[in-house]
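These notes concern the structure reproduced below.
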Amino acid sequence: MLDREFIIKNRELVEKTCYAKKVKIDFNNLFSLFDKRKNLLNSLNLLREEKNKNSFEVANRRKNGEDVNPLLEKGKEISQKIKKIEDGLSGVEIQEFEILKWIPNILDPEVPTGENSTFKIVKEQGDFSKKGFSYFDILQNSGSVDFKRGTKISASHFPLYIGKAAYLERILINFMLDLHTTKHNYTEVFPPFLVNYDTLFSTGQLPKLEEDMYKLKDDEFFLIPTAEVPVTNIYKDEILTEKSLPIKFVAYSACFRREAGSYGKDTKGLKRLHQFNKVELVRFTKPQDSKKEHQEMLKEAEKVLKLLDLSYRVILLPDYDTSFSSSKTYDIEVWAEGSGEFLEVSSVSNFLDFQARRGKIRFKNKEGKNVFVHTLNGSGLATPRTVIAIIEKYQISDDDFDFPPILKDYIKFGKEIFKEV
RNA sequence: GGAGAGGUGGCCGAGUGGUCGAAGGCGGCGGAUUGCUAAUCCGUUGUAGUGGUAAUACCGCUACCCCGGGUUCAAAUCCCGGCCUCUCCGCCA
């Protein structure tokens, strides 16, 4: 959420951002609400002052045995006026909030913008030739992911991993968690997978993405679309100390997405799922550090692919692809050599104080002021598409694949291996 | 799920209708004392909004004692609803 004052001072920038992110906001209405609110607030404060003085006077006169009846009458009148203005004010504030909550975060100046803008390739690592069988054939032939039975048990896009592929999932998750805790100094957390409305509002999934979320029918809970949601909310409504920053959490979670509106895309296989596994990095930083730490997180996510010896590229998303809450997002796309295409396996974003403001996450700075932290997160990584790239790169035949050497080492020696890499 | 108790400032804790933004203590900050540490003493110490102003300095006003309503001239204090925590019982992994 953006600050009222900020919007007033930077109207042009905010309008431009909304245009770029394809959000329609009635700014004239918003600004007239700002005015209305201010006027109501001012007269309300004056009336309240009058009320307090009157009440005080009642107590005073009563002590002296004087007649207080006229004051009681006056007090009643003032209170009625106050009630009226309060009602008007809360009406205005509700309307204002209804608009404010839809305004997306502003963009970093480096984000590609403009008519024909497109993503910018920041880095290319490895070679991008197409060869071998596709992961889908290998999995089908080996039976290590059973799409049919997954569908029978649940629905389509809920795969059932069996044997080797199930094991690969588990090893990969542990491998990534151990990498980030031992090598990159993150603290591991294991969060709830069901969260409430406020939590999703803080991180910005709600209200905009409600249709992408699984919601429980009888309880006010949503299934998390990413661990970012519960983990960023760990410090909701709290004031942190300056010296505790940066705070770095890594979390594994299953992720649940309805993927509404993406029918027809990636209709089979592991590319687009309603449930998948992901290891997520989350940081809370001081405002002046977030840019630098954003770059660090990108490197940490890349590290996973480097260790697995997979080819990939890093792209900087253009304005219209940058999510509602984000000011700047890098995607990491792994090269799937059997399929011959890039697959997004990570999204690394800087949210500045946008989420912190929605969730009231602050820290006390040296001057004793409470200021909003900056929040960042990045996938490190999502498993299904990583698995696709692994299977295609380390395939043995059209019905078998091997594990990458680093994973074999990891299975043998555990997290000790991260001392050397 | 049933029964009971309770939610007050960074923390502990007093306050049951009227100078209460809230005693006292701890912690924090500033200072005095001090060979160092500890101890002691003095002072200070919430957040947000708004007006005086150009000001993150100063002064005034308003709001906030879990949240939302209500009663009253006046609510931390009384009433109603909700949420949460704790204890006991039940159930279960």
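Atoms considered below: every heavy atom in the structure, side chains included; atoms not considered: hydrogens, waters and symmetry mates. So that the names make sense, note that chain A is the first sequence line, chain B the second, and so on, each numbered from 1. Since we're looking at a predicted model, the values are computed, not measured.
- Residue-level contact check: A:K38 touches the backbone only, with heavy atoms under 4.0 Å from sugar-phosphate atoms and none from bases.
- At distances below 3.5 Å, at least one donor-acceptor pair connects side-chain atoms of A:D146 with backbone N or O atoms of A:R149.
- Annotation: B:rU72 and B:rC88 have their C1' atoms spaced 39 Å apart (nearest Å).
- Heavy atoms of A:N52 sit under 4.0 angstrom from primed sugar atoms or phosphate atoms, though from no base atom.
- B:rA14 makes up no base pair with any nucleotide shown, lacking Watson-Crick or G-U wobble contacts both under 3.5 Å.
- Atom P of B:rA22 sits at a distance of 10 Å from the matching atom of B:rG46, rounded to the whole Å.
- Of the charged side-chain nitrogens involved, at least one lies within less than 4.0 Å of a carboxylate oxygen, so that A:K286 and A:E242 count as a salt-bridged pair.
- Across all strands, A:K83 comes closer than 4.0 Å only to sugar-phosphate atoms, never to a base (heavy-atom distances).
- Map A:E73 and A:E50 each onto its nearest nucleotide of RNA chain B; the residue landing nearer the 5' end is A:E50.
- Taking the C1' atoms as reference points, B:rA54 lies 47 Å from B:rU40, given to the whole Å.
- Judged by distance alone, the side chain of A:H274 and the main-chain N or O of A:F158 form no donor-acceptor pair under 3.5 Å.
- Here, B:rA93 and B:rG4 have their P atoms 29 Å apart, quoted to the whole Å.
- Note on residues 32-62 of chain A: pairs passing ring pair (Phe, Tyr, Trp, His ring centres under 6.0 Å), not counting sequence neighbours, are A:F31-A:F34.
- Comparing the P positions of B:rA57 and B:rA63 gives a spacing of 23 Å, expressed to the nearest Å.
- Figure legend. B:rG27 is base-paired to B:rU45; pairs are counted as Watson-Crick or G-U wobble with both atom distances under 3.5 Å.
- Comparing the C1' positions of B:rA48 and B:rC65 gives an interatomic distance of 16 Å, to the nearest angstrom.
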Between A:E228 and A:T203, is a side chain to side chain donor-acceptor pair (under 3.5 Å) present by the stated rule, with each step listed?
CA-CA 8 Å; A:E228 163 200 350; A:T203 36; 4.9 Å; no
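- Separation of the C1' atoms belonging to B:rC84 and B:rA32 is 46 Å when rounded to the nearest angstrom.
- The outermost nucleotides of RNA chain B lying under 4.0 Å from heavy atoms of chain A, listed 5' to 3', are B:rG18 to B:rA74.
- Positionally, the nearest nucleotide of RNA chain B for A:R362 lies more toward the 5' end than for the other of A:R362 and A:K369.
- Around atom OH of A:Y19, no more than 12 heavy atoms belonging to other residues, nucleotides or ligands sit under 6.0 Å away.
- One P atom belongs to B:rG15, the other to B:rG6, and the distance between them is 13 Å to the nearest Å.
- Base pairing annotation: B:rA38 forms no Watson-Crick or G-U wobble pair, as no partner gives both donor-acceptor distances under 3.5 Å.
- Across all strands shown, B:rG21 forms no Watson-Crick or G-U wobble pair with both distances under 3.5 Å.
- Nucleotide B:rC78 has B:rG70 as its partner under the Watson-Crick or G-U criteria, with both atom distances under 3.5 Å.
- Both distances falling under 3.5 Å, in either a Watson-Crick or a G-U wobble arrangement, place B:rC88 opposite B:rG2.
- Using a 4.5 Å heavy-atom threshold, the side chains of A:V345 and A:Y312 count as separate.
- Base pairing annotation: B:rA54 forms no Watson-Crick or G-U wobble pair, as no partner gives both donor-acceptor distances under 3.5 Å.
- A:K412 meets the salt bridge (charged side-chain N to carboxylate O under 4.0 Å, His left out) test with no other residue; sequence neighbours excluded.
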